[in-house]
S.K.: 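Pasting a structure below so you can have a look.
Order of listing sets the numbers, starting from 1, for every ligand and every atom in it.
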Amino acid sequence: MEDNITISVIKADVGSLVGHTIVHPDLIDCAADKLEETDLLEDFYVTAVGDDLQLILTHRHGTDNAEIHQLAWDTFACATEVARDLKLYGAGQDLLSDAFSGNIKGMGPGIAEMEITERASEPILVFMADKTEPGAWNLPLYKMFADPFNTAGLVIDPSMHQGFVFEVHDLVEGKRVRFHTPEELYDLLVFIGAPSRYVIHSIYRKDENGEAGDIAAQASTQRLSLIAGKYVGKDDPVMVVRTQSGLPAVGEALEAFSHPHLVGGWMRGSHNGPLMPVSLFDAKPSRFDGPPRVACLGFQLSSGQLNEPQDMFDDVSFDLARETANKIAEYLRRQGPFEPHRLPLGEMEYTALPEVMKRLEDRFEPID
Ligand code: 13P
Ligand code: 13P
Ligand code: MG
Ligand code: MG
């Protein structure tokens with residue numbers, strides 16, 4: 001529909017400085033120059049969180065649009081050339097193919113996009129994480145949209161009281177399922193409590209029949225290792241959350257990150273660590289390549305224009321969460337290569353471990 005606006009957040013790691021720490025400013029400039037050339041977009045904002053280049057785009061072409069995906073792909077390809085010239089680390093890391101084939105999904109970059117009818121006032125939050133995986137959003141999304149101890153509006157706002165519909169994807173079987181909350185909360189938790197396999201893909205307001213209505217949140221769910229068949233970095237996820245007026249307030253959405261929960265990722269994508277909420281300035285994971293970070297930009301969308309963003313975690317009220325995350329990081333690091341700091345074996349499938357086990361296969365003998 002002509003009145004509708006689509007928000008596409010598309011990210012990729014196309015090379016970083018130093019090692020896997022940050023995106024070189026020349027890549028950000030190159031991406032912005034490339035996006036400036038097109039008339040496909042209403043607006044755009046280019047930023048970086050850790051070593052991931054983030055394209056925040058608004059346009060009128062709907063989700064899964066080939067031209068928009070091509071534009072993002074070309075922008076990453078162009079930034080990859082700059083990364084190669086600068087000999088940045090892992091240049092082109094997330095572009096799994098040399099050629100683009102119509103939809104960026106499954107080709108390496110992460111994507112969260114939603115088509116909406118812009119409300120009279122449309123505050124949206126774009127969350128971007130580094131050194132973790134899509135399942136990292138499960139717990140905070142649950143808190144935002146289903147936990148009344150986090151989101152007061154679920155109890156006291158009549159327009160939220162009916163709850164939400166969660167769409168969960170099984171990344172192993174390639175299946176999806178919807179849960180209605182609050183009535184199916186316990187069923188939902190059975191699955192989303194296993195975030196390496198089951199990830200929340202989207203959340204909807206309930207319509208008058210109690211079924212999925214307007215989109216409220218959308219997350220990226222790509223897992224590169226499942227696509228590439230080997231370890232190629234973690235799938236540092238993004239998500240878009242609409243807020244206010246029958247949806248969680250901005251502060252309720254942010255509150256879900258006040259507790260730095262444990263997520264898979266960190267060093268070599270193979271360790272559990274706390275997800276630390278940081279400003280964009282502090283999105284430079286260094287200790288043991290982490291700990292994992294989440295940053296958030298808030299936009300007050302206006303006729304498709306993004307206008308000035310607000311750096312949402314650039315606030316002293318998140319200092320305690322950061323301090324807690326550092327304490328958890330210190331505690332976990334002492335455990336070195338032992339689970340549960342190191343991820344369980346099943347999650348280490350695409351690392352050196354299967355090779356070691358294969359090499360030693362013959363040395364294993366029956367115990368009795
Ligand atoms: P709305 O119902 O307008 O979103 O107000 C809620 C609020 O802002 C509480 O902080
Ligand atoms: P990225 O997924 O952010 O590139 O990190 C990879 C890694 O191995 C960090 O130690
Ligand atoms: Mg990297
Ligand atoms: Mg990264």
Side-chain angles (χ1 to χ4, degrees), residues 9-24 27 47-55 76 79-80 83-84 86-96 108-110 119-125 127-134 136 144-145 148 150-162 205 214 216 220 222-225 228 231-238 241-256 263-271 273 275-276 278 280 283-286 288-295 298 300 312 317:
V9 180
I10 311 182
K11 51 79 44 182
D13 177 346
V14 292
S16 50
L17 163 96
V18 174
H20 289 282
T21 317
I22 60 162
V23 172
H24 192 289
L27 271 62
T47 189
V49 169
D51 62 0
D52 295 295
L53 181 59
Q54 309 277 348
L55 314 179
F76 291 133
T80 297
R84 290 212 168 104
L86 292 167
K87 291 185 72 177
L88 297 181
Y89 196 71
Q93 174 181 287
D94 286 357
L95 306 187
L96 296 183
R119 296 171 292 169
S121 182
E122 187 64 64
I124 59 166
L125 298 175
F127 291 90
M128 299 159 281
D130 188 32
K131 304 296 178 274
T132 185
E133 58 189 11
M144 279 178 218
F145 288 93
N150 180 90
T151 298
L154 292 168
V155 179
I156 61 184
D157 179 350
S159 63
M160 288 179 75
H161 202 78
Q162 73 286 4
R205 291 189 70 176
D214 291 341
S220 64
Q222 292 76 17
R223 279 201 68 185
L224 285 182
S225 59
Y231 176 67
V232 276
K234 269 292 179 213
D235 312 281
D236 309 325
V238 289
V241 177
R242 300 172 82 187
T243 62
Q244 305 286 157
S245 311
L247 294 169
V250 168
E252 288 168 337
L254 299 177
E255 177 68 8
V263 296
W266 207 348
M267 174 55 72
R268 298 169 188 274
S270 304
H271 294 81
L275 186 63
M276 184 192 270
V278 292
L280 283 177
K284 304 169 183 137
S286 58
F288 202 53
D289 286 359
R293 308 287 150 119
V294 54
Q300 199 62 56
M312 305 308 297
S317 66

S.K.: Do the non-hydrogen side-chain atoms of Leu53 and Asp13 ever get within less than 4.5 Å of each other?
M.R.: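 Counting from C-beta outward, Leu53 and Asp13 never come under 4.5 Å.
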S.K.: Taking Glu252's backbone N and O only, do any of them form a donor-acceptor pair with Asn150's side chain (distance below 3.5 Å, no angle check)?
M.R.: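 Side chain of Asn150 to backbone of Glu252, a donor-acceptor pair under 3.5 Å: yes, one is there.
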S.K.: Test your reading of the model: is there a side-chain donor-acceptor pair from His161 to the backbone of Val155, 3.5 Å cut-off?
M.R.: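 It does hold such a pair.
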S.K.: Thinking salt bridges, do Asp130 and Arg293 make one under a 4.0 Å N-O criterion?
M.R.: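 A salt bridge is absent here (no side-chain N lies under 4.0 Å from a carboxylate O).
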S.K.: Would Val294 and Met276 satisfy side-chain contact (heavy atoms from CB on, under 4.5 Å), going step by step from the backbone distance to the final call?
M.R.: CA-CA 6 Å; Val294 54; Met276 184 192 270; over 6 Å; no
S.K.: Looking only at heavy atoms, what is the nearest atom pair of Gly15 and Ala83, with distance?
M.R.: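 Between these two residues, the closest heavy atoms are CA-CB, 4.2 Å.
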S.K.: What are the two closest non-hydrogen atoms of Thr243 and Ala253, and how far apart are they?
M.R.: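 So the minimum-distance heavy-atom pair works out to CG2-CB, 4.4 Å.
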S.K.: Quick one: report the N, O or S atom of Asp130 that is nearest to the Mg ion (ligand 4).
M.R.: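 Atom name of the closest N, O or S in Asp130: OD1.
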S.K.: Do NZ/NE/NH1/NH2 and the carboxylate oxygens of Asp289 and Arg268 come within less than 4.0 Å?
M.R.: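 No.
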S.K.: Tell me, which protein N/O/S atoms are under 2.8 Å away from the Mg ion (ligand 3)?
M.R.: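 Metal shell, protein only: Asp13 OD2, His20 ND1, Asp51 OD2.
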S.K.: Would you check if Leu27 and Leu88 make a side-chain contact, meaning some heavy-atom pair closer than 4.5 Å?
M.R.: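 Yes. Closest side-chain heavy atoms under 4.5 Å.
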S.K.: For Tyr89, is the OH atom crowded, meaning more than 12 foreign heavy atoms sit under 6.0 Å from it?
M.R.: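 No - once you tally the heavy atoms of other residues, nucleotides and ligands closer than 6.0 Å, there are 12 at most.
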S.K.: Starting from the N and O atoms of ligand 1, find every protein N or O within less than 3.5 Å and list the pair with its distance.
M.R.:
| from | atom 1 | to | atom 2 | distance (Å) |
| --- | --- | --- | --- | --- |
| ligand 1 | 4 (O) | Gln244 | NE2 | 2.6 |
| ligand 1 | 4 (O) | Ser245 | N | 2.6 |
| ligand 1 | 5 (O) | Gln244 | NE2 | 3.4 |
| ligand 1 | 8 (O) | Gln244 | NE2 | 2.9 |

S.K.: Find, among atoms of Asp236 that are N, O or S, the one nearest to the Mg ion (ligand 4), and state its name.
M.R.: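 Relative to the Mg ion (ligand 4), the closest nitrogen, oxygen or sulfur of Asp236 carries the name OD2.
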